[in-house]
Amino acid sequence: MSERGALRARLELLAREVAKFGVVGAVGLVVNIVVSNLLWRYTDIPTVRAGLLATVVAILGNYIGFRYWTYRDRDKSGRTRELTLFLLFSAVGAVIETGVLYTATYGFGWNSPVQSNVFKVLGIGIATLFRFWSYRTWVFKALPIEKAAPDEAVPVGSSPDGGVPDGTLPDGGVPGAGAFLKQGRTEQVPRVEADSVRR
């Protein structure tokens, strides 16, 4: 495959990954916003704390989508490590997301329902960029590419087809023309001259 073809293939794989990540993220966004608004509307939980609880619910749903759809072909050998890193990076993303909402709510006093939703979505957008990078790099690691086995070395004193220097194969047969030429034989073939006597 040419370098341009390889680059194109990598870009196509990345595009598919981004699309799948986006679908799972969009479902998580809906869950996050719906849970946030339900908590804001029907409970006395403070705005930022309710937003954080909604983020935790969305993260749990996202793990299932990422593990079993977006990254289902990635390494599955270390589930404990994977889940630990997922929760760790998700927590960092939650801090980013909640930090934007916190700054808007308590730093600028923008806490109307519309403003809370706008900054909630903005925080999710920023956190999603971090999550995409961290999940694909550290959590759902790609399987190592299998390297082709190197050609077996031909032992000294033998031919590539398994024969030995006298030109015979292990089963007593005669090597093919390619093997014969590789052996460097230069034996003369006797010439048969035409009979000059007329019959």
Side-chain angles (χ1 to χ4, degrees), residues 7-146:
L7 177 60
R8 184 174 181 179
R10 283 197 299 271
L11 289 176
E12 287 176 357
L13 286 173
L14 180 61
R16 279 199 293 269
E17 180 185 343
V18 170
K20 287 182 175 182
F21 190 95
V23 170
V24 174
V27 172
L29 172 65
V30 171
V31 170
N32 203 330
I33 295 300
V34 168
V35 173
S36 293
N37 280 276
L38 288 174
L39 292 175
W40 290 334
R41 185 178 179 92
Y42 297 109
T43 70
D44 294 329
I45 300 174
T47 302
V48 175
R49 193 175 301 170
L52 181 59
L53 288 174
T55 298
V56 171
V57 173
I59 284 171
L60 296 176
N62 284 353
Y63 177 77
I64 295 171
F66 291 141
R67 174 69 274 171
Y68 296 103
W69 188 51
T70 306
Y71 296 112
R72 67 173 179 261
D73 58 339
R74 299 290 181 97
D75 185 15
K76 301 181 182 70
S77 59
R79 284 296 176 88
T80 303
R81 170 199 158 280
E82 175 187 283
L83 188 56
T84 301
L85 288 176
F86 180 83
L87 293 175
L88 175 64
F89 288 119
S90 294
V92 174
V95 168
I96 295 171
E97 178 183 327
T98 307
V100 172
L101 183 61
Y102 182 91
T103 302
T105 302
Y106 298 109
F108 296 95
W110 297 332
N111 58 359
S112 72
V114 172
Q115 290 171 330
S116 294
N117 277 290
V118 167
F119 288 102
K120 178 74 173 171
V121 171
L122 179 61
I124 289 172
I126 296 170
T128 296
L129 296 175
F130 168 77
R131 288 176 179 137
F132 177 72
W133 169 79
S134 61
Y135 291 167
R136 75 186 308 267
T137 305
W138 300 104
V139 181
F140 304 106
K141 298 185 76 172
L143 291 168
I145 299 173
E146 294 182 8

Can I get a per-line list of side-chain donor-acceptor pairs under 3.5 Å for residues 46-59, giving both atom names and the distance, sequence neighbours left out?
unit_1, atom_1, unit_2, atom_2, d
T55, OG1, G51, O, 2.9
T55, OG1, E97, OE2, 2.6
T55, OG1, K120, NZ, 3.0

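No side-chain heavy atom of W138 sits under 4.5 Å from any side-chain heavy atom of L88. Between L14 and R136 the shortest side-chain heavy-atom distance falls below 4.5 Å. Counting only heavy atoms from C-beta outward, the side chains of F119 and T105 never approach each other to under 4.5 Å. No side-chain heavy atom of F66 sits under 4.5 Å from any side-chain heavy atom of K20. Residues Y63 and L83 meet the side-chain proximity criterion, which asks for heavy atoms closer than 4.5 Å.
The backbone N or O of S134 lies less than 3.5 Å from no partner atom in the side chain of T137, so there is not a single donor-acceptor pair. Formation of a donor-acceptor pair under 3.5 Å by the Q115 side chain with backbone atoms of N111 is found in this model.
I124 CD1 to L101 CG: the interatomic distance, rounded to the nearest 0.5 Å, is 9.5 Å. Rounding to the nearest 0.5 Å places OH of Y42 at 10.0 Å from CG of N37. One finds the CG atom of L39 at 13.0 Å from the CZ atom of R41 (value rounded to the nearest 0.5 Å).
Taking the six-membered ring where the residue is Trp, F132 and F21 present perpendicular rings, their angle passing 60° and hence far from 30°. By the 30° and 60° cut-offs, the orientation of the rings of Y106 relative to Y102 is tilted.
Counting non-hydrogen atoms of neighbouring residues, nucleotides and ligands closer than 6.0 angstrom, the CD1 atom of I64 reaches no more than 12 such neighbours. For CG of D44, the number of neighbouring non-hydrogen atoms (other residues, nucleotides, ligands) closer than 6.0 Å is 12 at most. The local environment of CZ in R79 is crowded, with over 12 non-hydrogen atoms from other residues, nucleotides or ligands closer than 6.0 Å. More than 12 heavy atoms of other shown residues, nucleotides or ligands fall within 6.0 angstrom of atom CZ in R81.
Minimum interatomic distance between W69 and R72 (heavy atoms only, all atoms of both residues): CD1-NH1, 3.1 Å.
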*Check the pair Y135 / T70 against side-chain contact (heavy atoms from CB on, under 4.5 Å), numbers first and verdict last.*
CA-CA 11 Å; Y135 291 167; T70 306; over 6 Å; no
_Working note: R16 + L13, criterion side-chain contact (heavy atoms from CB on, under 4.5 Å); need CA distance, chi angles, decisive distance, verdict._
CA-CA 5 Å; R16 279 199 293 269; L13 286 173; 3.0 Å; yes
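Comment: R67 engages E82 in a salt bridge, judged by a side-chain N to carboxylate O separation of less than 4.0 angstrom.
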